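The next block holds one structure in the form of structure tokens; read it before the comments.
Ligands are counted one by one from 1 in listed order, and the atoms in each one are counted from 1 as well. What you are looking at is a predicted structure, and each value in this text was computed from that prediction instead of being measured.
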Amino acid sequence: MQTLTVALGERSYPIYIGSNLLSQVGLYTPHIHGKQVCVVTNETIAPIYLEQLKNCLSASQMSCVVLPDGESYKNLSTLNDIFTTLLAEKHNRTTTLIALGGGVVGDMTGFAAACYQRGVNFIQIPTTLLSMVDSSVGGKTGVNHAMGKNMIGAFYQPQAVVADISLLKTLPAREVSAGLAEVIKYGLISDADFFDWLEQNIELLMSGDETALTYAVLRSCQNKADVVAQDEREGGIRAILNLGHTFGHAIETAQGYGNWLHGEAVAAGMVMAADLSMRCGDISEGDLQRIITLLQRAKLPTKAPADMTPEQFVDLMGVDKKVLDGRLRLVLLKSIGHAIVTSDIDTKLLMETFAACR
Ligand code: NAD
Ligand code: GLY
């Protein structure tokens, strides 16, 4: 097992990465401070992993909330179900919430922990590749609103993250690909050597090789932890983690939550960001093609839905959190391995990108 630290002063926490970690009680006990625990998971993951986790936890009162599965349930109504269980089963301020699931469960459990009695502890056990490399690390929690993705939420850090690579064995191939989009993102924004490594190992990762997956999760989390430690609340540099996300969130909102997976939308969005970077003269056509080829090898979409108009993009991107003072801000590439955040966007070039990428 490898341990990384997200260095945030008194809110610092470990990320444990390795195989067969789910039942290792010693990983949880230092981070559970009271006698109550509430595991939040969903109806897909519960039958596979919930008993294994429950059997190893030693809390004197344990509750479980099994949510319906899907991005379309990541909303205030589902969140309320978590609060109802916590209140009905008399959880107090020393309780610990444990998120056992992908980004949907993790984001909702984290937000529930941030709100319940003004804040209780929580632990992330990510079960998808995407949640291991991205959503479980860094403390962004929240739910969707019909008018915008992740628009209701809080920054709230977990006590620990337990990334058990063995759990990926049961993850559907499409979800592995979606996670690889965020892995490739780290290569693009800050780690050119890792991008090269991914070009050499993408098929190994897709075949489920645990050694390769462990390395990719470790390197991705290292990249993310470095950025989060510099800028926890996204006042500056953290925005680079959103490469492709402004375009991607527009795709997710337009298509209806859950139809395009988050990672798929981010993949198409990263191509749009790279295409615009090329039009701005920052990356070459060859680099754009390298990015498209790697995403295609990871079985990810590299174009936006054909029925999305430029007007729809502009409209939906206008409500994105990254819009400041009415000006669109985008993450673009200076090169593979170097991203910048800019509001200096040439509208004509942006329109060309919309036209070229559908
Ligand atoms: P998800 O949570 O919907 O999980 C994907 C699917 O895989 C679900 O059907 C789930 O039940 C199933 N599943 C999960 N683990 C499994 C396993 N081990 N075996 C079999 N099936 C399993 O999707 P996701 O991609 O993990 O997360 C996407 C969400 O994460 C989005 O809501 C996105 O907004 C959010 N996100 C948040 C952050 C952040 O910083 N907080 C970052 C990136 C993404
Ligand atoms: N997924 C973007 C972030 O955590 O900031």
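Looking at N42 against ligand 1, only its side chain comes within 4.0 Å, counting heavy atoms. At a 4.0 Å heavy-atom cut-off, ligand 1 touches T127 through backbone and side chain alike. Counting heavy atoms closer than 4.0 Å to ligand 1, residue L171 contributes atoms from both its backbone and its side chain. With a heavy-atom cut-off of 4.0 Å, N242 touches ligand 2 through its side chain alone. At a heavy-atom cutoff of 4.0 Å, ligand 1 is contacted by no atom of R174, backbone or side chain. Only the side chain of N150 comes within 4.0 Å of ligand 1, counting heavy atoms alone; its backbone N, CA, C and O stay farther away. Of all the heavy atoms of H262, the ones lying under 4.0 Å from any atom of ligand 1 belong exclusively to the side chain.
Note on ligand 1: R238 sits outside its first shell, no heavy atom being nearer than 4.0 Å. Under a 4.0 Å heavy-atom criterion, K149 is in contact with ligand 1.
Considering backbone and side-chain N/O atoms, R238 comes within less than 3.5 Å of an N/O atom of ligand 2. Among the atoms of I45, none of the N or O lies under 3.5 angstrom from an N or O of ligand 1. Geometrically, ligand 1 and T128 share a nitrogen or oxygen pair separated by less than 3.5 Å.
Looking only at heavy atoms of the protein, atom 4 (O) of ligand 2 is closest to K224 NZ, 2.5 Å. The shortest contact between atom 1 (N) of ligand 2 and any protein heavy atom is with D134 OD1, 3.1 Å.
Checking atom 5 (C) of ligand 1 against the protein gives a heavy-atom contact under 4.0 Å.
Counting only heavy atoms from C-beta outward, the side chains of F111 and I152 approach each other to under 4.5 Å.
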